[in-house]
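Read the structure below first, then the notes.
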Amino acid sequence: MTDRYAVIGNPIEQSKSPLIHMAFAQVTGQDIDYGKVLAPLGGFAQAVDAFRAAGGQGMNVTAPFKLDAFAYASDLAPSAQIAGAVNALKFEGGRVYAENFDGVGLVRDVRHNLACTLQAQRVLVLGAGGATRGALLPILAEQPAELVIVNRTVDKAEALAALARQHQGGHVPVQGLGYEQLQGRQFDVVFNATSASLTAEVMPLPSSVFAPGALAYELAYGKGLTPFLQLAQQAGVTRLADGVGMLAEQAAEAFLWWRGVRPDTQAVIRQLTVPLV
Ligand code: NDP
């Protein structure tokens with residue numbers, strides 16, 4: 001019998017998850033069906049209940065339901081606990097297992113697809129929302145030289161830095177700062193985990209933050225050269241990336257978790273890449 005999976009969100013039409021997972025199923029020879037569920041706002045639990053009752057075995061969760069999924073789960077993995085949000089669910093008997101693969105997908109993209117190391121590098125993360133929360137522990141696990149989180153609302157950056165320090169035992173120096181405190185600082189890897197690019201907004205980032213040879217990584221994907229990537233390019237950065245690889249890698253992690261086999265992501269990344277021009 002064909003096993004059923006789906007991505008749930010609102011809106012959901014734009015989601016690439018069905019395309020990605022069906023491509024993975026094809027290359028790994030897995031017999032699955034992967035659809036889209038549009039849940040009404042406030043109707044997450046009912047929609048998931050219905051999907052489970054119809055035999056569904058797992059779901060990806062996208063905006064705005066990552067917190068609803070956190071509340072719905074019976075068994076939260078550490079990645080989901082730290083992120084305070086869930087992006088993948090697995091249904092087994094009466095249990096609802098929950099994970100957050102966004103951060104591990106990001107780090108895997110950097111390491112395996114971009115062939116960059118985070119170890120001993122000075123890492124800057126812009127933004128202190130859900131994506132940053134999910135990325136904190138996977139980034140720290142790579143043992144960077146330091147991790148700085150910068151946010152427009154500085155309190156949130158400080159709170160996430162405190163959370164990160166608490167969970168990694170103080171081996172890597174972690175700071176939460178405001179943008180104005182970046183003057184005179186340089187970083188080898190700069191992640192833009194703000195949602196500013198979704199609306200083409202420019203954040204007050206000094207172009208001097210990029211160290212020679214730096215990687216500038218935009219978590220949003222399919223937007224071409226965003227204001228952040230333009231700023232990096234104008235500052236002389238030649239290693240530019242967007243989040244298409246992160247999207248594919250978090251999907252691959254979910255696929256592995258559900259099906260026990262890791263799909264190769266290269267074909268999917270090629271298919272979904274929008275050139276950074
Ligand atoms: P959230 O809404 O949780 O957080 C948004 C963050 O952006 C906040 O820290 C907010 O600051 C900051 N921000 C928004 N506008 C501006 C601005 N104009 N200037 C400076 N800071 C701003 O979003 P997420 O964390 O869920 O998503 C962040 C990004 O990551 C999005 O682009 C999203 O598409 C991308 N993403 C990519 C994934 C992938 O697979 N490639 C997966 C998940 C996310 P403040 O706190 O001050 O409001």
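For ligands, and for the atoms within them, numbers begin at 1 and follow the listed sequence.
Cluster membership check: Leu76 shares its hydrophobic cluster with Phe91, using side-chain heavy-atom separations under 4.5 Å among Ile, Leu, Val, Met, Phe, Trp and Tyr.
At least one heavy atom of Ala193 sits closer than 4.0 Å to an atom of ligand 1.
Checked by distance only, ligand 1 and Pro204 stay at 3.5 Å or farther apart across all their nitrogen or oxygen atoms. Between Lys156 and ligand 1, at least one N/O pair is under 3.5 Å apart. Here's the thing with Arg152: one of its N/O atoms is less than 3.5 angstrom from an N/O atom of ligand 1. In terms of polar-atom proximity, defined here as any N/O pair under 3.5 Å, Glu201 does make such a contact with ligand 1. Checking only distances, Thr153 does come within under 3.5 Å of ligand 1, N or O to N or O. Looking at ligand 1, you'll find an N or O of Gly243 within less than 3.5 Å of one of its N or O atoms. An N or O contact shorter than 3.5 Å links Gly130 to ligand 1 by distance.
Counting heavy atoms only, Asn151 comes closest to atom 10 (C) of ligand 1 of the residues Thr194, Leu160, Asn151, Asp242. With Ala131, Pro64, Ser195, Gly127 as candidates, the residue nearest to atom 44 (C) of ligand 1 on a non-hydrogen basis is Ala131.
When the ring pair (Phe, Tyr, Trp, His ring centres under 6.0 Å) test is applied to Phe24, the partners found at least two apart in sequence or on another chain are His21, Phe255.
A salt bridge links Asp3 and Arg259; the closest N-O separation between the charged side-chain nitrogens and carboxylate oxygens is under 4.0 Å.
Taking the centre of each ring, Trp257 and Tyr97 stay at or above the 6.0 Å mark.
Interface atoms of ligand 1 facing Ala128, defined by a heavy-atom separation under 4.0 Å, are 9 (O).
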